[in-house]
Amino acid sequence: MAATVSLSFSLDPQHHHLFSKTTQFKPHQTPLLPFSPPTSTLCPKYPLAIFHKSHPSSFKTSSSPSHSSTTTTTTTASDTTSTDTATTTSTTTTSSSFLEYPLRTGRFLSSEELEQLKLLENFRYYQELESGSMWVRVMRPEEMDITVGLLAESFAESMLLPSGYVSVLGYLVKQYLFERMELSPHTATLIGFYRRRKEEGEEQQEKNTEDEEEVDEVEFLAGTVEVCFDKKGANASPPTPTPPKNSPYISNMAVKKSLRRRGIGWHLLKASEELISQMSSSREVYLHCRMIDTAPFNMYKRAGYDIVKTDNILVMLLLQRRKHLMCKKLPVLTSFSESDTFCSEEELTS
């Protein structure tokens, strides 16, 4: 599934509004990006989180806090040493809940924002598909590169650009994701992993080879989607038609080309809605869909989204595709039923 670009420069894929305004490049002039390079990403001013190291495509949850060791400098007086140790241990205990989140914002957070950050870190969405299973959670900093690669390939495909442009798009996408991560917990990037179900012949073949070498099941990064929960996380330059900034907004959905038509895009959408229901009091969710993208449009209609407004034909003068602004009012539910989240492959291919 292609996406509609949500970065603020002139790209126009399906769910992302990444490039909503054209940036002109002049000789011997550095292109002006709509965002300033995140200088705090390499050396954050307020390191509120410690990253958990995990495999970038692993299904394993790592929400449990990591244990950091405390080193105490010994002085000449033994009582001073014991006092420093007790103080350091007490400080580590009281502040551990504020230091062990994999999500780094680079700024001070309020108590309410810290609680929302916990919700993001603990969010999990699991779904069995006809061809396998998938797992959705919030992207971690160490998974940014693989997410950038997926988005850059999707944008290049949507824009009909040669493969040589993927690296350039990747640079711009990475800068954008750095900017968005600093706005957490008001916005989040979700990533979905897919595990293919093995056929009977493959299972028998693996049983024959297990004696020689143990073979682990492989999970693939299947897709990603960005969710904005409120005005503080809203994009500074959203695409047209402009959605309300106070309402949740879904954008930048992309599914790996080799894994499409399996229900992954559908469940990325449902995972986004479920997370919005936990993070936002507003029930009106907005997204964009290009008029030429019939398959995503049909998926949104089937999910309950209706057209609110459509781009004027004059936007084509800006070399942009016309888009629909669509909206859905989420029901007040404590949990999503299987009938709400499941979509068969036959429905997706119809």
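Note that the structure is predicted; figures quoted are calculated from it, not measured.
For His186, there are no ring-ring contact (aromatic ring centres under 6.0 Å, His included) partners two or more places apart in sequence or in a different chain. Taking Ser281 as the reference, nothing meets the side chain to side chain contact (heavy atoms under 4.5 Å, CB included) condition, with sequence neighbours excluded. Looking at residues two or more places apart in sequence or on another chain, you find a side chain to side chain contact (heavy atoms under 4.5 Å, CB included) between Lys301 and Phe297, Asp306, Met326. The side chain to side chain donor-acceptor pair (under 3.5 Å) search around Thr187 returns Arg180, not counting sequence neighbours. Not counting sequence neighbours, the partners of Leu317 by the side chain to side chain contact (heavy atoms under 4.5 Å, CB included) test are Leu314.
Looking only at distances, a side-chain donor or acceptor of Thr224 sits under 3.5 Å from a matching main-chain atom of Leu190. A distance-only check finds a donor-acceptor pair linking the side chain of Thr147 to the backbone of Glu143 [under 3.5 Å]. In this structure, the side chain of Arg137 does not engage the main chain of Phe193 through any donor-acceptor pair within 3.5 Å.
The existence of a salt bridge linking Asp311 and Arg321 is excluded, since no basic side-chain nitrogen approaches an acidic carboxylate oxygen closer than 4.0 Å. Salt bridge present: Glu273 and Lys328 bring a charged side-chain N and a carboxylate O closer than 4.0 Å. At a threshold of 4.0 Å, the pair Arg260-Glu157 counts as salt-bridged, since one of the basic side-chain nitrogens sits closer than that to a carboxylate oxygen.
In this structure, OH in Tyr305 is found 15.5 Å from NE2 in His324, a value given to the nearest 0.5 Å. The OG1 atom of Thr310 lies 10.0 Å from the NE2 atom of His288; values are rounded to the nearest 0.5 Å. With rounding to the nearest 0.5 angstrom, the OG atom of Ser133 is 11.0 Å from the NE2 atom of His267. The CG atom of Leu268 sits 12.0 Å away from the CG atom of Asn252 when rounded to the nearest 0.5 Å. Going from atom CD of Gln278 over to atom CG of Leu119 covers 6.5 Å, rounded to the nearest 0.5 Å. With rounding to the nearest 0.5 Å, the separation of CG in Leu275 from CG in Leu120 is 6.0 Å.
Annotation: side chain of Glu115 is in contact with side chain of Lys118 (closest heavy-atom distance under 4.5 Å). A heavy-atom distance below 4.5 Å is not found between the side chains of Asn312 and Thr240. Residues Ile250 and Ile276 meet the side-chain proximity criterion, which asks for heavy atoms closer than 4.5 Å. Looking only at side-chain heavy atoms (C-beta outward), Thr189 and Met181 stay at 4.5 Å or farther from each other. Contact annotation: the side chain of Glu179 never approaches that of Gln175 to less than 4.5 Å [non-hydrogen atoms, C-beta and beyond]. For the pair Pro243 and Pro238, the minimum side-chain heavy-atom distance is below 4.5 Å. Using a 4.5 Å cut-off on side-chain heavy atoms (C-beta onward), Ser131 and Tyr194 make contact. Under the 4.5 Å side-chain criterion, counting only non-hydrogen atoms from C-beta, Lys256 is not in contact with Leu221.
Taking both residues in full, the closest heavy atoms of Cys289 and Asp293 are given as SG-O, 3.8 Å, listed atom of the first, atom of the second, then distance. Leu150 and Gly223 make their closest contact through CD2-CA, 3.6 Å (heavy atoms, listed as atom of the first residue, atom of the second, distance). Between Pro185 and Phe229, the shortest heavy-atom contact is O-CD1, 3.3 Å. Nearest heavy-atom pair across Val148 and Gly170 is CG1-O, 3.3 Å. The shortest heavy-atom contact between Met134 and Tyr126 is O-CD1, 3.4 Å. What you find for Leu151 and Ala254 is that their closest heavy atoms are CD2-CB, 4.0 Å.
Val315 and Ile292 fall into different hydrophobic clusters, where Ile, Leu, Val, Met, Phe, Trp and Tyr residues are linked whenever their side-chain heavy atoms come under 4.5 Å apart, directly or through other members. Both Leu129 and Phe220 are assigned to one and the same hydrophobic cluster, defined by single-linkage of ILVMFWY side chains at heavy-atom distances under 4.5 Å.
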Which pairs of donor and acceptor atoms, one on a side chain in residues 162-169, lie under 3.5 Å apart (sequence neighbours left out)?
none

>> Could you go through Arg140 and Glu121, starting from their C-alpha distance and side-chain angles, then the distance that decides it, and tell me whether this counts as side-chain contact (heavy atoms from CB on, under 4.5 Å)?
In response: CA-CA 9 Å; Arg140 295 168 182 160; Glu121 167 59 17; 4.1 Å; yes
> Between Met279 and Asp230, does a side-chain contact (heavy atoms from CB on, under 4.5 Å) hold up when you go through it step by step?
Replying inline: CA-CA 9 Å; Met279 296 288 294; Asp230 52 37; over 6 Å; no
> Is there a side-chain contact (heavy atoms from CB on, under 4.5 Å) between Leu287 and Leu269 once you walk through the steps?
Replying inline: CA-CA 10 Å; Leu287 55 81; Leu269 180 64; 4.1 Å; yes
> Taking it one step at a time, do Leu117 and Ser184 satisfy side-chain contact (heavy atoms from CB on, under 4.5 Å)?
Replying inline: CA-CA 7 Å; Leu117 205 61; Ser184 183; 3.3 Å; yes
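Residue Met316 qualifies as open at atom CE: its count of foreign heavy atoms under 6.0 Å is 12 or below.
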